[in-house]
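Below is one structure, written out as structure tokens, with a few remarks after it.
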Amino acid sequence: MNFLAGFGAILLTFLAGTEIDKTVIKKHFWSSMSIGVVGFLAPYVAVLFYARYGVGWTWQQAQIAGISLSTTSVAVVYAVMIETGFNKTELGKIILAACFINDLGTVLALGVVFANFDYWLALFGAVTAAALWLLPRFAPWFFGKVGHRVSEPETKFTSLVLLGLGGMATIAGSEAVLPAYLVGMALPPALLADPELPHRMRIIAFSILTPFYFLKAGSLVDFHAVASAAGLIIIFLGVKMATKFIGILPLTRAFRFEAREACTRPC
């Protein structure tokens, strides 16, 4: 279950990265960047200070609370967008880009607080950079060479890259989903040449891996802990949602999004 759940998170994050359109990002760079940054900072700072000074937690405990509640689940957002077809719209691509910036802030914060800054982390960074440079050049040639086969060599190759980089990230004390998102952004030229490939990978992700991803997440929740701290959980959730909404809504108005889009985006 641990392996399937982890692979499901990696594959969903990769597929979300493939949906990011570079043309849309260039057109809406500042809106995506600012919404993503504020979407991370606003709940992080608010929850951090509330946990430290409102509840009296230690500084490390408050940091964990702030980081954990600062994130936006790309896997969940992507799954909803696929079901509704929202991923094909310009607004959907902007939201996915903002989610990436938001999650990148969370991953970097986790790295600063918990990662071991040693040669493993340096090696992971170097290998990831090399992979991102080589993949757009090698993958189209490889996919064209192997062609369409029942053994699905394209899917196996992509899985090998994702699991390899994810394994190195785990050893280095980073997050396995970070290289998955970056690889997803690097591979669209190869994937666009064969639209059936990402479709087949979505089938694998949503039919087999995603249930284990959510089962694993649910298995980590202790019902007795939730019941005993229900009030605090509701307060933390309220602080997160309120600060994220209050922080992002003015930005959507500043970038002249429609009222419905402005109110939906922070959620």
* Less than 4.5 Å apart, any side-chain heavy atom of D103 and any of V177? -> no
* Asked: CE of M241 to CD1 of I246: how many Å apart, nearest 0.5 Å?
  -> 11.5 Å
* Pairs satisfying side chain to side chain donor-acceptor pair (under 3.5 Å), at least one member in residues 57-70, at least two apart -> T58-Q61, S70-T106
* Non-hydrogen atoms of I101 and S32 that approach each other most closely -> CG1-O, 4.3 Å
* Would you please classify the geometry between the F143 ring and the F157 ring as parallel, tilted or perpendicular, with 30° and 60° separating the classes? => perpendicular
* Structure fact -> Between the CD1 atom in I203 and the CG atom in L209, the distance rounded to the nearest 0.5 Å is 12.5 Å
* Do you reckon L104 sits in the same ILVMFWY cluster as M33, going by side-chain contacts under 4.5 Å, direct or chained? -> yes
* **Nearest atoms (heavy-atom pairs only) where G39 meets I248** => CA-CD1, 3.8 Å
* Structure fact -> Closest heavy-atom pair, P250 versus G247, reported as atoms and distance to 0.1 Å, is CD-O, 3.7 Å
* Is a donor on one side and an acceptor on the other found under 3.5 Å between the side chain of T89 and the backbone of F86? -> yes
* For the residue pair G92 and M81, what are the closest heavy atoms and their distance? -> O-CE, 3.6 Å
* Structure fact -> dist I35:CD1 -> L249:CG (nearest 0.5 Å) comes out at 10.0 Å
* Between CZ of R202 and CD1 of I82, what distance do you get to the nearest 0.5 Å? -> 4.5 Å
* Side-chain contact, heavy-atom cut-off 4.5 Å: P198 with M201? -> no
* So, for F3 and F212, is the gap between ring centers shorter than 6.0 Å? -> no
* **Joint hydrophobic cluster, I171 plus Y119, side-chain heavy atoms closer than 4.5 Å** => yes
* Measure the shortest side-chain to side-chain distance between K145 and W141 over non-hydrogen atoms and say whether it is less than 4.5 angstrom. => yes
* Please walk me through it: do R200 and I204 pass side-chain contact (heavy atoms from CB on, under 4.5 Å)? -> CA-CA 6 Å; R200 294 195 299 270; I204 296 173; 5.6 Å; no
* Asked: So how far is it from T170 OG1 to M168 CE, rounded to the nearest 0.5 Å?
  -> 10.5 Å
* Hey, quick one: are L48 and V239 part of the same hydrophobic cluster, counting side-chain heavy atoms closer than 4.5 Å, chains of contacts allowed? -> no
* To do: Answer whether the closest heavy-atom distance between the side chains of T243 and Y44 falls below 4.5 Å.
  => no
* Asked: Any side-chain heavy atom of Y50 within less than 4.5 Å of one from L232?
  -> yes
* Asked: Would F40 and F236 show up in the same hydrophobic cluster when neighbours are defined by side-chain heavy atoms closer than 4.5 Å?
  -> no
* Drop me the distance from L96's CG to T72's OG1, to the nearest 0.5 angstrom. => 11.0 Å
* Of the non-hydrogen atoms in F255 and S34, which two are nearest, and what is the gap between them? -> CE1-OG, 3.2 Å
* State plainly whether one hydrophobic cluster holds both V37 and L69, where clusters connect Ile, Leu, Val, Met, Phe, Trp and Tyr through side-chain heavy atoms under 4.5 angstrom apart. => no
* To do: With T210 as reference, evaluate L4, L215, L12 under the side-chain contact (heavy atoms from CB on, under 4.5 Å) test and give the passing residue.
  => L12
* Check whether any side-chain heavy atom of K244 sits under 4.5 Å from a side-chain heavy atom of N102, and report yes or no. => yes
* For L182 and F100, which heavy atoms make the closest approach, and how far apart are they? -> CD2-CZ, 3.8 Å
